[in-house]
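Here is the structure we will look at.
Chain letters run A, B, ... following the sequence lines, proteins first and then strands; every chain starts at 1.
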Amino acid sequence: MAHRRCLHSALLHATALISLKKSPSLSIVKALTSKPNPGITTSNLEPSWFIPWSYIRHFSSRKSDDSENEAEMEESSDGEGESDEMASDMVRDYSPEEKEAEAAAIGYKVVGPLQRSDRVFKDYEPVFAVVQIGSHQFKVSNGDSIFTERLKFCEVNDKLILNKVLLLGSPTQTIIGRPILPDAAVHAVVEEHALDAKVIIFKKKRRKNYRRTKGHRQELTKLRITAIQGIEKPEIKTDGKPLKAAVKKPEKIAATA
Amino acid sequence: LVDVEKNSLFASSFRGAHSRLTRTITQQRIRALVSAHQDRDMKKRDFCHLWITRINAIIRGVGVSYSYSRLIRNLYNKQLLLNHKILAQIIISNRNCLYMISNEIRK
């Protein structure tokens, strides 16, 4: 009974993990650590499932991995490849570069090569894009700087391409993505990896002799947006993309707006 | 800084005896930290309320019996993923973009 209860909660956690689809291994570690510890008997019952997962079990000492892996295998075969990467992220063995690229795609960024002598910083253009990184959305324009959650696999002065673009806008044109725009891209450069200011987590229950103090500094990445692609810069041009769910403002109305 | 000085530095902007007397300094410091902890979560709620109110106010000007709830329903039906923060920002900075979005969605 306890086994089934643990499996059930593991299923819930696994569905949460699979549906979230965000890379940062912090969230995965948190999810795994928050799970209850089931008995080891689960592993004995289904040994065949653990052959692909066995390498993970060696590195992580958490027994909760077993039932979670079971649950993930039960859940869907689509989630398999993804949970493979997530578990391997925790293991910190990023040997194949393809794995890095996939994990980067989960966080909606593609790392380009390091920048040497490119002149990437242009003047301000009145075009904006709404881009999603992880679960946060930002309305960015040329030359903005953004603080996001710490992005793995990129160092300072790396070029990124953020490909989950939800909306492009300019004074004359608005392109709406449903939900994302497939051929829009926002280029950014990693400016720094920094820690946030310290917040003190203080818990107190009065009259119960319970008090906890903890400090926390969130790891952030500062990105600077360099270019937005996929929209006409405001020289008055018209082109129609009716099939791609683009909304265009005709020039007559644009003139009056 | 010595711990006692750290304590009183924390409460150095408090009013009256709460920044001068050591016992009340510790008490008020504890209350301040607890409030900060709670309000960090409340901040997220407060901002969401603010954005909803702003979106509602602007959307009601678009057409007769058009409201925030209908806008959100249409957003979900047409599979847009813009969140409230972004909608509120678009409203303030690029009002016409929002009108375009709402017109496109209403069809």
Using 0.5 Å steps for rounding, measure from the CZ atom of A:Phe202 to the CD atom of B:Gln38. 11.5 Å

Atom pair CD1/CD1 of B:Ile101 and A:Ile176 - distance to nearest 0.5 Å: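 Here the rounded value is 5.0 Å.
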
For [X], is it the side chain, the backbone, both or neither that has a heavy atom under 4.5 Å from a heavy atom of chain A?
X       : result
B:Asn83 : both
B:Lys85 : side chain
B:Arg95 : neither

Any idea which heavy atoms bring [X] and [Y] closest together, and the distance?
X        : Y        : value
B:His37  : A:Lys203 : NE2-CG, 4.3 Å
A:Lys139 : B:Ile86  : N-CD1, 3.6 Å
B:Arg40  : A:Ile200 : NH2-O, 2.8 Å
B:Cys97  : A:Gly169 : SG-CA, 4.4 Å

So which part of A:Lys164 gets closer than 4.5 Å to some heavy atom of chain B, the side chain, the backbone, both or neither? side chain

Verify the neighbour count for atom CZ of A:Arg211: are there more than 12 heavy atoms of other residues, nucleotides or ligands below 6.0 Å? no

For B:Arg54, does the CZ atom sit with more than 12 other heavy atoms under 6.0 Å from it, leaving out its own atoms?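 Not more than 12 within 6.0 Å, no.
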
Stepwise side-chain contact (heavy atoms from CB on, under 4.5 Å) check, A:Leu167 with B:Ile90: CA-CA 10 Å; A:Leu167 181 71; B:Ile90 291 178; 3.2 Å; yes

Going through the distances and angles, do A:Arg178 and B:Glu104 end up as a side-chain contact (heavy atoms from CB on, under 4.5 Å)? CA-CA 12 Å; A:Arg178 305 198 183 186; B:Glu104 173 71 14; 2.5 Å; yes

Between the side chain of A:Gln137 and the main-chain N/O of B:Leu81, is any donor-acceptor distance below 3.5 Å? yes

